[in-house]
Amino acid sequence: MDRRTVTLLSIPIDAIRQKDAIQIILEMLEGGHLKRFFKVGGQHHVITPNSEMLVESFKNDKFREVLQLASLNIPDSVGLLYAAKFKRKKLPERVTGVDTVVKLCSQLPKKHSVFLLGAKEGVAEKTAEKLKKINPELNVVGTFSGSPSEKDSVEIISKIKEARPHLLLVAFGAPKQDLWIAEHISQMPSVRVAMGVGGTFDFIAGVRKRAPALLRSVGLEWMYRLVKQPSRFKRIMNAVVVFPYLVVFTRRK
Ligand code: UDP
C-alpha cells in the first residue's frame, strides 16, 4: 500500500482514519515492512498537524521542512478536512493526537516501551498513571518534564538513552516539540517512533478539559478554547482566519 496524502500549503497530510494511524504506528514500532514510511536509520517522526501549525509552517522554513520529512502527518484539526474538501481532495476523518495516544497506549504490548517527555512538572507522571489504568501492561520506562531549550537537551537525551524507549511522546507544544524531535532523534537510537503530542498529557492527566464532543464534531473546538484560554486569541485567529485565507488565496499547493 502506498502512502496517500493530501498536500496543503506544501505539507503532505496523510489521508488516514484513526484506526489506520494506530496500525501504522504499531507497524513502525515493530520496525517491519512499512518501507514507504521508513526514514534514515529506521526512525520515524509522527506529527499531528492542525491549521495553526500549517500557518506557522508557511512562514517558518525549518518547521516546513520538518513537516515535509515526517513519516506520518496525522490530520489533527477539522480545518484540514475542510481545506482538503475545498481542493476537491479527501481526508477521511479528523484524527486527534490525544485520541491516537490513548488508543495506541491502550493496546501497546509490553515489548514496546514508552517515554513521556514534556508538560509541566508531574503531568507526565500523572498521564502515565492514567494510561496504565487503561492498559496495565503498558511499559512506561520514564517520564520527565524537561524543556525544549538547548541547555536541557543533554540531560534529556542522557535520561532517554538510559531508559531506552521505543516510543517517545514529546509534549513541548508545536512547533518546538517537532523541531526538537527532528534535531535530536538520531541521538536516541532506541527510539523507533517519536511523536509530538502538544497538550495531550494535560488532557489525559485531567489538568485541562477537552471541548465537549458535540463542539468537536462540528468544528467549533476553537470557540471553546477561546473562551477557556483567551490568551490563545492569536493562535486561534491563525487557525480560523489566516489558514483558510492562505488555502484559498495563495499559490502554494
Ligand atoms: N510545554 C512545555 N514546555 C514548553 C512549552 C510548552 O512542556 O516550553 C508544554 C505545555 O505544558 C503543554 C504542552 O507543551 O503541556 C502543549 O502546550 P500547548 O497548549 O501549546 O498545546 P497544543 O495547543 O499544541 O495542544
Side-chain angles (χ1 to χ4, degrees), residues 11 13 21 45-58 60 63 66-67 70 73-80 94-102 104-105 114-131 142-157 159-160 168-184 194-212 215-216 219-243:
I11 308 301
I13 306 294
H45 184 178
V46 175
I47 306 188
T48 58
N50 57 27
S51 310
E52 56 188 84
M53 286 163 74
L54 290 203
V55 172
E56 173 67 24
S57 78
F58 193 80
N60 181 335
F63 186 43
V66 166
L67 280 157
N73 280 320
I74 292 173
D76 183 297
S77 76
V78 173
L80 303 194
R94 180 183 185 206
V95 182
T96 66
V98 56
D99 289 331
T100 304
V101 168
V102 171
L104 177 66
C105 289
V114 194
F115 193 108
L116 276 55
L117 172 66
K120 293 213 170 76
E121 203 66 49
V123 174
E125 285 85 337
K126 189 100 196 259
T127 304
E129 276 168 33
K130 291 258 168 128
L131 291 172
T143 59
F144 186 52
S145 67
S147 98
S149 85
E150 239 352 89
K151 66 175 171 46
D152 269 12
S153 64
V154 174
E155 186 187 5
I156 295 174
I157 288 163
K159 279 184 194 293
I160 293 174
L168 173 65
L169 303 176
V170 184
F172 288 151
K176 288 182 197 161
Q177 60 197 13
D178 297 300
L179 294 170
W180 191 92
I181 290 171
E183 177 78 21
H184 299 292
M195 178 173 169
V197 297
T200 289
F201 297 170
D202 297 345
F203 292 127
I204 297 174
V207 176
R208 211 161 25 140
K209 267 210 163 88
R210 287 183 85 181
L215 285 186
R216 296 205 304 266
L220 291 177
E221 187 166 9
W222 61 272
M223 217 180 249
Y224 178 87
R225 286 198 162 186
L226 189 59
V227 172
K228 288 282 176 190
Q229 295 173 276
S231 59
R232 296 174 77 105
F233 179 77
K234 188 162 174 254
R235 291 176 56 175
I236 291 167
M237 283 304 113
N238 275 340
V240 300
V241 180
V242 181
F243 177 67

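All ligand and atom numbering here is 1-based and tracks the order in the structure.
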Enquirer: Examine Gly173 against ligand 1 and note whether any of their N/O atoms are separated by less than 3.5 Å.
Expert: yes
Enquirer: Any heavy-atom pair between the side chains of His45 and Asp178 that's under 4.5 Å?
Expert: yes
Enquirer: Mark up the atoms of ligand 1 that fall under 4.0 Å of a heavy atom belonging to Pro148, in ascending order.
Expert: 3 (N), 4 (C), 8 (O)
Enquirer: What is the nearest protein non-hydrogen atom to atom 6 (C) of ligand 1, stated with its residue, atom name and distance?
Expert: Phe172 O, 3.2 Å
Enquirer: Select the closest option to atom 14 (O) of ligand 1 among Gly199, Gly196, Ser149, Ala171, judged by heavy-atom distance.
Expert: Ala171
Enquirer: Can you tell me if Met53 contacts ligand 1 (heavy atom of the residue under 4.0 Å from the ligand)?
Expert: no
Enquirer: Measure from the side-chain N and O atoms of Asp76 to the backbone N and O of Gly97, and report whether any donor-acceptor pair falls under 3.5 Å.
Expert: yes
Enquirer: Are any of the heavy atoms in Phe201 under 4.0 Å away from ligand 1?
Expert: no
Enquirer: Any atoms of ligand 1 less than 4.0 Å from a non-hydrogen atom of Arg235? List them with their elements.
Expert: 20 (O), 22 (P), 23 (O), 24 (O)
Enquirer: Is it true that Arg232 lies under 4.0 Å from ligand 1, counting heavy atoms only?
Expert: yes
Enquirer: Checking Lys159 against Asp152 for the salt bridge (Lys or Arg N to Asp or Glu O under 4.0 Å) test, could you report, in this order, the C-alpha distance in whole Å, the side-chain angles of both residues, the deciding distance, and whether it holds?
Expert: CA-CA 11 Å; Lys159 279 184 194 293; Asp152 269 12; over 6 Å; no
Enquirer: Hey, is Gln177 one of the residues with a heavy atom under 4.0 angstrom from ligand 1?
Expert: no
Enquirer: Is there a polar contact between ligand 1 and Ser145, counting only N or O atoms under 3.5 Å apart?
Expert: no
Enquirer: Strictly distance-based, threshold 3.5 Å: is any side-chain N or O of Ser77 a donor or acceptor partner for the main-chain N or O of Ser51?
Expert: yes
Enquirer: Check whether Asn73 reaches the backbone of Leu67 with its side chain - one donor and one acceptor, N or O, closer than 3.5 Å.
Expert: yes
Enquirer: Does Gln229 approach ligand 1 within less than 4.0 angstrom via side chain, backbone, both or neither, non-hydrogen atoms only?
Expert: neither
Enquirer: Look only at the side chain of Glu121 and the backbone of Ser145, and say whether a donor-acceptor pair between them is shorter than 3.5 Å.
Expert: no
Enquirer: What's the separation between atom CD in Glu56 and atom CZ in Arg235, rounded to the nearest 0.5 Å?
Expert: 10.0 Å
Enquirer: May I ask you to list the atoms of ligand 1 that are less than 4.0 angstrom from any heavy atom of Lys120?
Expert: 11 (O)
Enquirer: Which of the atoms of ligand 1 are close to Arg225, meaning less than 4.0 Å from one of its heavy atoms?
Expert: 23 (O)
Enquirer: Which atoms from ligand 1 have a heavy atom of Gly198 less than 4.0 Å away?
Expert: 13 (C), 16 (C), 21 (O), 24 (O), 25 (O)
Enquirer: Find out whether Leu169 and Phe201 are in side-chain contact, i.e. whether some heavy atom of one side chain is under 4.5 Å from a heavy atom of the other.
Expert: yes
Enquirer: For ligand 1, is there an atom lying under 4.0 Å from some heavy atom of Arg208?
Expert: yes
Enquirer: Hey, are the side chains of Val101 and Met195 touching, using non-hydrogen atoms and a 4.5 Å cut-off?
Expert: yes
Enquirer: Below the 3.5 angstrom mark, is there an N/O of Ser147, backbone or side chain, next to an N/O of ligand 1?
Expert: no
Enquirer: Working to the nearest 0.5 Å, report the span between CD1 of Ile13 and CG of Leu80.
Expert: 5.5 Å
